[in-house]
Amino acid sequence: VQLVESGGGSVQAGGSLRLSCVASGATYSSRCMGWFRQAPGKGREGVAAVYAGGDSTYYADSVKGRFTISQDNAKNTVYLQMNSLNPQDSAMYYCAAGARGTICSGSTWFWPGLYGYWGQGTQVTVS
């Protein structure tokens, strides 16, 4: 699975961005798709996840109510709508995909080891 992210950029605090992740090279559905972020000097943090082709979504407490993960199955694309951004949201954002059949759950979606495929990342800077 190849993953290509886009949509990052620089915004002021309180602003919004929408990240996109296009998956190719394999069947999109029936796998866990996640967004992670990593700030300089920090570990990779799970932000949100969705089960490709399904309805289940998961969020980190730090982004609940501000970020929304969604998907367009016809376009093999996962989105992350980010509202009310603050400087603590500044990081490189990565899209990740699990192997087909990988099921998201509330206790596993945020574990980087669940995902075997990663994009190159897109930078988000909030000032």
TODO: Kindly compute the distance separating OG (S24) from CG (N76), expressed to the nearest 0.5 Å.
DONE: 8.0 Å
Task: Minimum-distance pair of heavy atoms, taken over all atoms of G25 and Q2 - done: CA-OE1, 3.5 Å
Task: Side-chain heavy atoms of Q81 within contact of I69, under 4.5 Å - done: no
Open item on the list: Do C32 and L114 have side chains that approach each other closer than 4.5 Å (heavy atoms only, starting at C-beta)?
Closed with: yes
Task: Side-chain donor/acceptor of R100 to backbone N/O of S29, under 3.5 Å - done: yes
Open item on the list: For A49 versus W109, what's the shortest heavy-atom pair and its separation?
Closed with: CB-CE3, 3.6 Å
Open item on the list: Quick one, Q71 and N73 - any side-chain contact, counting heavy atoms below 4.5 Å?
Closed with: yes
Task: Members besides Y79 in its Ile/Leu/Val/Met/Phe/Trp/Tyr cluster (side-chain heavy atoms under 4.5 Å) - done: none
Task: Side-chain (S90) to main-chain (T125) donor-acceptor, under 3.5 angstrom - done: no
Open item on the list: To check you understand the geometry: which heavy-atom pair defines the closest contact between S84 and S16, and what is its length?
Closed with: N-OG, 4.3 Å
Open item on the list: Please check this pair: side chain of Q88 against backbone of S62, looking for a donor-acceptor N/O pair closer than 3.5 Å.
Closed with: no
Task: Side chain proximity check, L19 to M82, heavy atoms < 4.5 angstrom - done: yes
Task: Donor + acceptor pair across side chains of T77, D72 (<3.5 Å) - done: no
Open item on the list: Side chains of S56 and C104, heavy atoms from C-beta outward: is any pair under 4.5 Å?
Closed with: no
Task: Nearest heavy atoms of L80 and A48, plus distance in Å - done: CD1-CB, 4.1 Å
Open item on the list: For a 4.5 angstrom cut-off between non-hydrogen side-chain atoms, does N86 reach R66?
Closed with: yes
TODO: Could you check R31 against I103 for side chain to side chain contact (heavy atoms under 4.5 Å, CB included), going step by step and ending with a plain yes or no?
DONE: CA-CA 6 Å; R31 66 180 79 232; I103 298 174; over 6 Å; no
TODO: With the side chain counted from C-beta on, respond yes when S30 and Y51 share a heavy-atom pair under 4.5 Å apart, and no when they do not.
DONE: yes
Open item on the list: Assess the residue pair V47 and Y93 against the criterion (side chain to side chain contact (heavy atoms under 4.5 Å, CB included)); give the C-alpha distance rounded to whole Å, side-chain angles, the decisive distance to 0.1 Å, and a yes or no.
Closed with: CA-CA 9 Å; V47 176; Y93 282 70; 4.2 Å; yes
Task: Backbone of T122 reached by a side-chain donor or acceptor of E5 within 3.5 Å - done: no
Open item on the list: Count I, L, V, M, F, W, Y as connected when their side-chain heavy atoms are under 4.5 Å apart, and connections chain through other members. Are Y58 and V50 then in the same cluster?
Closed with: no
TODO: Establish, for the pair R44 and Y94, whether the NZ or CZ atom is under 6.0 angstrom from the six-membered ring centre and no further than 45 degrees off its axis.
DONE: yes
TODO: Quick one: pull up OH in Y59 and CZ in F67 and give me the separation to the nearest 0.5 Å.
DONE: 10.5 Å
Task: Where at least one partner belongs to residues 16-46, residue pairs that pass ring-ring contact (aromatic ring centres under 6.0 Å, His included), sequence neighbours excluded - done: F36-Y115, F36-W118
Open item on the list: Would you say that M92 contacts V124 through its side chain, given a criterion of any heavy-atom pair below 4.5 Å between the two side chains?
Closed with: no
